[in-house]
J.: 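Sharing a structure with you now.
Letters go in sequence order (proteins before strands), and every chain restarts at 1.
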Amino acid sequence: MIEIESKYNPAIVEDKWYSAWLENKCFSSKPDNRKAFTIVIPPPNVTGVLHMGHMLNNTIQDVLVRRARMKGFNACWVPGTDHASIATEAKVVAKLKAEGIDKKDLSREEFLSHAWQWKEKHGGIILEQLKKLGASCDWDRTRFTMEDALYESVIDVFVDLYEKGLIYRGVRMVNWDPVALTALSDEEVIFKEQNSKLYYLKYKIENSDEYIIVATTRPETILGDTAVCVHPEDERYSHLKGKKVIIPIVGRSIPVIFDEYVDREFGTGALKITPAHDINDYNLGIKHKLDSIDIFNDNGSLNENGKQYAGLDRFECRKQIAKDLQAADLMHKIEDYNNKIGCSERTGAVIEPKLSLQWFLKMQDLAKPALEVVMSDEIKFHPSKFKNTYRYWMENVKDWCISRQLWWGQRIPAYHLPNREFVVAKSAEEALKKAQELFPTENYTLNDLKQDEDVLDTWFSSWLWPMSVFDGIRNPNNEEINYYYPTNDLITAPEIIFFWVARMIIAGLEYKKEVPFKNVYFTGIVRDKLGRKMSKSLGNSPDPIELIEKYGADGVRMGMLLASPAGNDLPFDESYCEQGRNFSNKIWNALRLIKSWKVEDIEQPASSALAIEWFKEKMNKTLCDLEDDFSKYRLSESLMSVYKFVWDDLCSWYLEIIKPAYQAPIDRKTYEATLDIFEDVMKILHPFMPFVSEEVYHIIKERKENDFIMQAQLPAIKEVNSTLLSEFDFIEEFITAIRSVRNEKNIAQKVALQVYFTRSEEGNIIEKYSDIVCKLCNLETLTSCEEKIEKAIAKMVRTLEFFVPLTDNVNKEEEIKKIKADIEYYEGFKNSVMKKLSNENFVSKAPEQVVAMERKKLSDAEQKIETLNEQLKAFL
RNA sequence: GGGAGUAUAGCUCAGUUGGUUUAGAGCAUCUGCCUUACAAGCAGAGGGUCAUAGGUUCGAAUCCUAUUACUCCCACCA
């Protein structure tokens with residue numbers, strides 16, 4: 001017998017085992033002759049700090065990886081971080097600014113060296129935090145999307161796609177972030193509701209005194225107007241065919257054009273066209289061959305086309321122009337107007353649609369096979385509803401703008417030549433060679449090559465992640481990629497289904513001719529009590545590390561899992577973690593109980609032998625249930641099964657049955673069986689709660705320091721013996737019924753009772769388990785009788801009637817009331833069954849089994865009513 | 001505007017191709033217990049017209065239609 005603290009202390013235990021696992025390389029994986037089970041982490045941003053979303057996501061991954069490991073797979077979880085070009089660059093720029101350094105004053109190389117310094121200092125924080133959670137990643141494999149090997153992979157892919165004719169350079173309307181000074185993809189733009197104004201401007205019709213009134217939210221863009229557009233069937237304006245109008249203040253004359261695009265109901269039915277600053281106007285401009293006047297600088301201020309407004313910020317300019325228009329009596333009116341404005345996901349700046357020269361990847365042909373593998377379930381989505389979302393996107397996929405005007409990222413391997421041509425190559429040397437082949441007469445040298453200034457979109461590196469972490473791009477047939485790819489499960493958030501999931505599938509099919517993963521599990525969004533998404537900017541997210549300190553990593557893991565069915569949002573509440581902590585403690589105390597027993601070579605009670613037999617069966621059943629739940633990725637339910645298995649079946653039933661009386665010894669046979677059972681239970685628990693299970697595993701049989709549960713195998717599954725389980729179910733019901741009577745009648749614990757049972761088909765079951773019933777109900781005896789006795793209360797379990805003797809007289813009125821209520825209930829029930837059975841259609845059409853079932857229900861109900869009536873008579 | 005999804009106990013959710021008592025679990029609540037593993041606990045109890053209205057069927061939480069409310073995705077209104 002050893003002394004153990006009465007409260008489980010996670011902090012000490014967690015640090016101890018995590019270090020031990022690391023020292024013993026428990027997480028490391030090398031290709032061998034076992035089957036591989038691979039997960040690549042969705043690489044968190046290097047700028048990232050662990051938030052609740054990460055906690056959920058990585059808990060799930062760890063559960064899956066640990067379980068796979070315990071099922072005999074060579075489990076490999078590859079960790080790493082993403083260079084997150086915009087987010088990181090913004091962070092570094094801000095940091096430099098705080099130090100009085102302006103990015104503009106730095107060379108590219110200088111800036112990058114600052115960025116790398118920043119990365120080395122802060123980039124590992126999030127991975128260190130994951131260790132606190134217990135993440136069993138193979139840390140020796142940690143990758144970074146900007147490290148040399150992955151950088152090269154990205155460049156290889158760019159060059160390859162370019163050579164396949166899938167990458168092109170073109171002028172397009174892109175989402176311009178005037179703060180970060182870069183183009184953004186559509187996915188990086190978020191629309192926000194905003195209270196703004198709708199301005200009604202007066203455009204004078206040339207050679208006439210008439211005005212046409214045009215509504216706009218952006219009066220400053222009149223500087224770039226090149227037409228006014230109305231609907232061809234709009235009779236209000238039919239007389240304006242061929243006419244020109246004069247832009248207010250600007251004075252420039254522009255044509256009136258006609259197009260069905262215009263919504264006659266909106267505003268005045270007249271639309272001003274600014275092809276350089278609105279995507280729809282841009283398209284109309286192309287269609288009607290309009291000029292395009294760019295009026296903005298990259299930072300959102302007005303350029304020289306802005307005339308007298310040049311240099312003003314766009315929003316300042318808007319105010320000024322509105323004032324000037326009013327002064328000139330060219331403003332018809334201003335209305336309040338609520339609309340949605342696109343903002344940069346990273347900087348929050350209002351997006352300026354802008355024409356610019358960018359690099360694009362053609363998506364249509366690439367998307368087709370990627371759609372197919374999801375629709376055919378070669379890649380399974382959990383939950384499957386996301387297949388719809390995926391299909392919609394893939395069928396309407398647009399070319400991907402892959403260039404960003406940043407420095408932090410993979411620089412586009414295009415080299416511009418003095419003759420305004422460019423070549424694409426993996427290095428400057430190769431580019432030179434190509435240039436010389438293309439233009440043999442020019443005698444170019446390396447100095448003539450100017451590498452493109454842009455870097456690639458971050459997702460252009462993350463889409464290779466499942467391959468590049470195994471160096472599968474540069475060395476497509478290396479041992480690792482062939483062993484670990486395709487990976488098994490991807491755990492991610494539905495919001496990046498297009499950003500990332502779709503593109504990984506495309507890349508996998510293109511470069512490995514194989515899907516990158518077999519299952520995608522979409523987690524819900526972690527929300528606060530008010531239903532808001534947890535985010536740093538709202539400040540409504542608890543600090544995960546503090547939570548771990550408070551409830552233990554196991555407690556927090558359990559908290560995350562309990563309330564997060566796949567695809568459903570998780571309204572987070574600390575009480576979930578509290579439940580997890582309580583569970584750790586429950587296990588801890590079960591351990592204390594077992595370790596407090598004195599073991600002697602005495603005879604094993606029959607009840608203990610029976611309990612062991614039953615419990616092993618229950619364990620087998622639980623293992624089967626888990627198998628089923630995991631196959632459907634129902635992790636929340638699987639944990640709940642384990643929770644009830646441990647708390648109810650193990651602690652409340654099994655341990656209570658075999659528990660010796662105070663200070664009495666336990667027989668060796670039962671004790672040793674219990675140690676085995678307890679170890680097996682810990683193995684089942686381990687994937688969910690790795691720390692407490694490891695600690696308990698080591699104490700229970702005093703295992704050697706380096707004999708880890710995390711390297712053990714789950715108990716084998718046998719065929720389920722349901723007879724034993726259903727017998728015990730009945731016994732549980734019986735015991736609960738007896739306890740309920742005691743509770744109701746306030747029968748003190750120490751008083752021994754006699755229970756008589758009669759009229760029982762289940763009598764032999766009671767007989768078999770009588771020792772257990774006596775023990776758990778604190779009964780003196782349990783005997784069969786034909787006649788009821790005085791001073792007793794009659795109750796029923798299923799169709800079995802039993803009598804609990806009382807020390808005092810029965811409160812007759814109270815009992816009569818209860819029996820009457822029971823009779824009423826069963827009469828109602830009987831009637832509903834009879835209604836069914838007297839329906840000829842039911843009897844003739846319903847399957848025989850169902851009808852037989854109803855007949856059984858009826859006879860059971862009748863028997864119960866009869867018994868209840870007898871009980872009632874006894875009181876009258 | 002287009003698409004998808006959800007609605008079951010106070011809360012979070014199960015409920016598999018329609019049929020096992022008149023619907024289950026965890027948490028919360030209530031009652032009684034500091035019963036020698038655990039009050040972070042034990043024992044027991046209460047709690048639901050399965051969103052609303054129709055329909056199909058011998059039979060509907062489950063299938064169909066409409067309505068209402070909410071959620072998400074996509075497009076975007078000048």
J.: What is the minimum heavy-atom distance between A:Thr221 and A:Ile295, and which atoms define it?
T.: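 Taking A:Thr221 first and A:Ile295 second, the nearest heavy atoms are CA-CD1, 4.0 Å.
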J.: Among B:C58, B:U22, B:C38, which nucleotide has an atom closest to any side-chain atom of A:Asn839?
T.: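 Of B:C58, B:U22, B:C38, B:C58 is nearest to the side chain of A:Asn839.
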J.: Counting heavy atoms from C-beta on, name the nucleotide in B:G19, B:A25, B:A40 closest to the side chain of A:Met640.
T.: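 Nucleotide nearest to A:Met640's side chain: B:A25.
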J.: According to a strict under-4.0 Å criterion, is A:Tyr392 in side-chain N/O contact with OP1 or OP2 of B:A75?
T.: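 So the side-chain polar atoms of A:Tyr392 never come under 4.0 Å of the phosphate oxygens OP1 or OP2 of B:A75.
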J.: Just say parallel, tilted or perpendicular for the rings of A:Phe522 and A:Phe386, cut-offs at 30° and 60°.
T.: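 A:Phe522 vs A:Phe386 ring planes: tilted.
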J.: Of the candidate nucleotides B:U22, B:C58, B:A14, which contains the atom at the shortest distance from the side chain of A:Asn841?
T.: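 Of B:U22, B:C58, B:A14, B:C58 is nearest to the side chain of A:Asn841.
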J.: For A:Asn280, which contact category applies under a 4.0 Å heavy-atom criterion: base, sugar-phosphate, or nothing?
T.: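 Since only primed, P, OP1 and OP2 atoms lie under 4.0 Å of A:Asn280, the category is sugar-phosphate.
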J.: Name the closest nucleotide to the A:Arg592 side chain, picking from B:C76, B:A37, B:A40.
T.: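 The answer is B:A37.
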J.: In whole Å, I'd like the distance from the CG atom of A:Leu562 to the C1' atom of B:C27.
T.: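 Answer to the nearest Å: 9 Å.
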J.: Contact class for A:Val843 (heavy atom, under 4.0 Å): base, sugar-phosphate, or nothing?
T.: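 If one applies the 4.0 Å heavy-atom cut-off, A:Val843 turns out to touch nothing in the nucleic acid.
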J.: Would you say A:Lys644 reaches B:A25's phosphate, i.e. side-chain N/O to OP1/OP2 under 4.0 Å?
T.: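 So the side-chain polar atoms of A:Lys644 never come under 4.0 Å of the phosphate oxygens OP1 or OP2 of B:A25.
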J.: What does A:Pro847 touch in the nucleic acid at a heavy-atom separation under 4.0 angstrom: a base, only the sugar-phosphate, or nothing?
T.: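 If one applies the 4.0 Å heavy-atom cut-off, A:Pro847 turns out to touch a base.
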J.: Can you measure A:Tyr643 atom OH to B:G24 atom P for me and round it to whole angstrom units?
T.: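 After rounding, the gap between these two atoms is 21 Å.
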J.: If only side-chain N and O atoms count, and only distance matters, is there a donor-acceptor pair under 3.5 Å linking A:Tyr654 with A:Thr674?
T.: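 A:Tyr654 and A:Thr674 do have a side-chain donor-acceptor pair below 3.5 Å.
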J.: Identify which nucleotide among B:G32, B:A40, B:A14 has an atom closest to any side-chain atom of A:Glu637, counting heavy atoms from C-beta outward.
T.: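 It is B:A14.
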J.: Exactly one of A:Lys856, A:Lys864, A:Lys857 should register a salt bridge (charged side-chain N to carboxylate O under 4.0 Å, His left out) with A:Asp860. Which one does?
T.: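 In the set A:Lys856, A:Lys864, A:Lys857, the residue that makes a salt bridge (charged side-chain N to carboxylate O under 4.0 Å, His left out) with A:Asp860 is A:Lys856.
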J.: Round to the nearest Å and state the distance from A:Lys836 atom NZ to B:G59 atom P.
T.: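 Value for this atom pair: 10 Å.
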J.: Return the 5'-most residue of the pair A:Trp393, A:Lys864 with respect to RNA chain B, ranking by each residue's nearest nucleotide.
T.: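 With A:Trp393 and A:Lys864 compared, the 5'-side residue is A:Lys864.
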J.: Regarding A:Asp860, tell me which of base, sugar-phosphate or nothing describes its non-hydrogen contacts under 4.0 Å with the strands shown.
T.: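 Counting heavy atoms under 4.0 Å across all strands, no contact is made by A:Asp860.
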J.: Any idea how A:Phe688 and A:Phe630 line up, ring-wise: parallel (<30°), tilted (30 to 60°), or perpendicular (>60°)?
T.: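 Tilted: the ring planes of A:Phe688 and A:Phe630 meet at 30° to 60°.
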J.: Base, sugar-phosphate alone, or nothing: which one does A:Asn388 contact when heavy atoms must sit under 4.0 Å apart?
T.: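 Touches sugar-phosphate only.
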J.: For A:Arg634 and B:G15, is the shortest distance between a side-chain N/O and OP1 or OP2 below 4.0 Å?
T.: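 Yes, A:Arg634 has a side-chain N/O under 4.0 Å of OP1/OP2 on B:G15.
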J.: Measure from the side-chain heavy atoms of A:Phe498 and tell me the nearest of B:C73, B:G19, B:C77.
T.: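 Of the options given, the side chain of A:Phe498 lies nearest B:C73.
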J.: Rounded off to whole Å, could you give me the CG-to-P distance for the A:Leu858 and B:U22 pair?
T.: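 It is 12 Å, rounded to the nearest whole Å.
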J.: Given B:U22, B:A14, B:G19, which nucleotide is nearest the side-chain atoms of A:Val850?
T.: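 Between B:U22, B:A14, B:G19, the one nearest the side chain of A:Val850 would be B:G19.
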J.: If we ignore angles and hydrogens, is there a donor and acceptor under 3.5 Å between the side chains of A:Asp225 and A:Tyr203?
T.: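 On atom types as modelled, these side chains qualify, holding a pair under 3.5 Å.
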J.: Closest approach to the side chain of A:Gln579, judged atom by atom: which nucleotide of B:U20, B:A37, B:C27 is it?
T.: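 Shortest atom-to-atom distance from the side chain points to B:C27.
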J.: Taking 4.0 angstrom as the limit, do A:Glu352 and A:Arg218 come out as a salt bridge?
T.: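 Salt bridge between A:Glu352 and A:Arg218, a charged N being under 4.0 Å from a carboxylate O: yes.
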J.: How long is the gap from CG on A:Asp259 to CD1 on A:Ile273, to the nearest 0.5 Å?
T.: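 A:Asp259 atom CG to A:Ile273 atom CD1 measures 8.0 Å (nearest 0.5 Å).
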J.: What contact category does A:Tyr200 fall into here, base, sugar-phosphate, or nothing, at under 4.0 angstrom with non-hydrogen atoms?
T.: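 Here A:Tyr200 touches no strand at all.
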J.: If you find the nucleotide of RNA chain B closest to A:Tyr826 and the one closest to A:Glu495, which residue's nucleotide is nearer the 5' end?
T.: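 Closer to the 5' end of RNA chain B: A:Tyr826.
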J.: Are the charged groups of A:Lys818 and A:Asp822 less than 4.0 angstrom apart, N to O?
T.: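 Salt bridge absent between A:Lys818 and A:Asp822.
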J.: Determine, for nucleotides 41-46 of chain B in 5'-to-3' order, which nucleotides have protein heavy atoms under 4.0 Å from the base (write B), from only the sugar-phosphate (write S), or from neither (write -).
T.: SSBSS-
J.: Where does RNA chain B form stems of at least three consecutive Watson-Crick or G-U wobble pairs, each pair having both distances below 3.5 Å?
T.: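 Result, WC/G-U stems under 3.5 Å: B:1-7 with B:68-74, B:10-13 with B:24-27, B:29-33 with B:41-45, B:51-55 with B:63-67.
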J.: Any side-chain heavy atom of A:Glu827 sitting closer than 4.5 Å to one from A:Lys830?
T.: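 A side-chain contact exists here, since the closest heavy-atom pair is under 4.5 Å.
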J.: Could you state the atom-to-atom distance from CD1 of A:Ile279 to P of B:A75 in whole Å?
T.: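 Rounded to whole Å, this separation is 12 Å.
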J.: Please state whether the rings of A:Phe734 and A:Phe730 are parallel, tilted or perpendicular, taking 30° and 60° as the class boundaries.
T.: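 If you compare the ring of A:Phe734 with that of A:Phe730, the planes turn out parallel.
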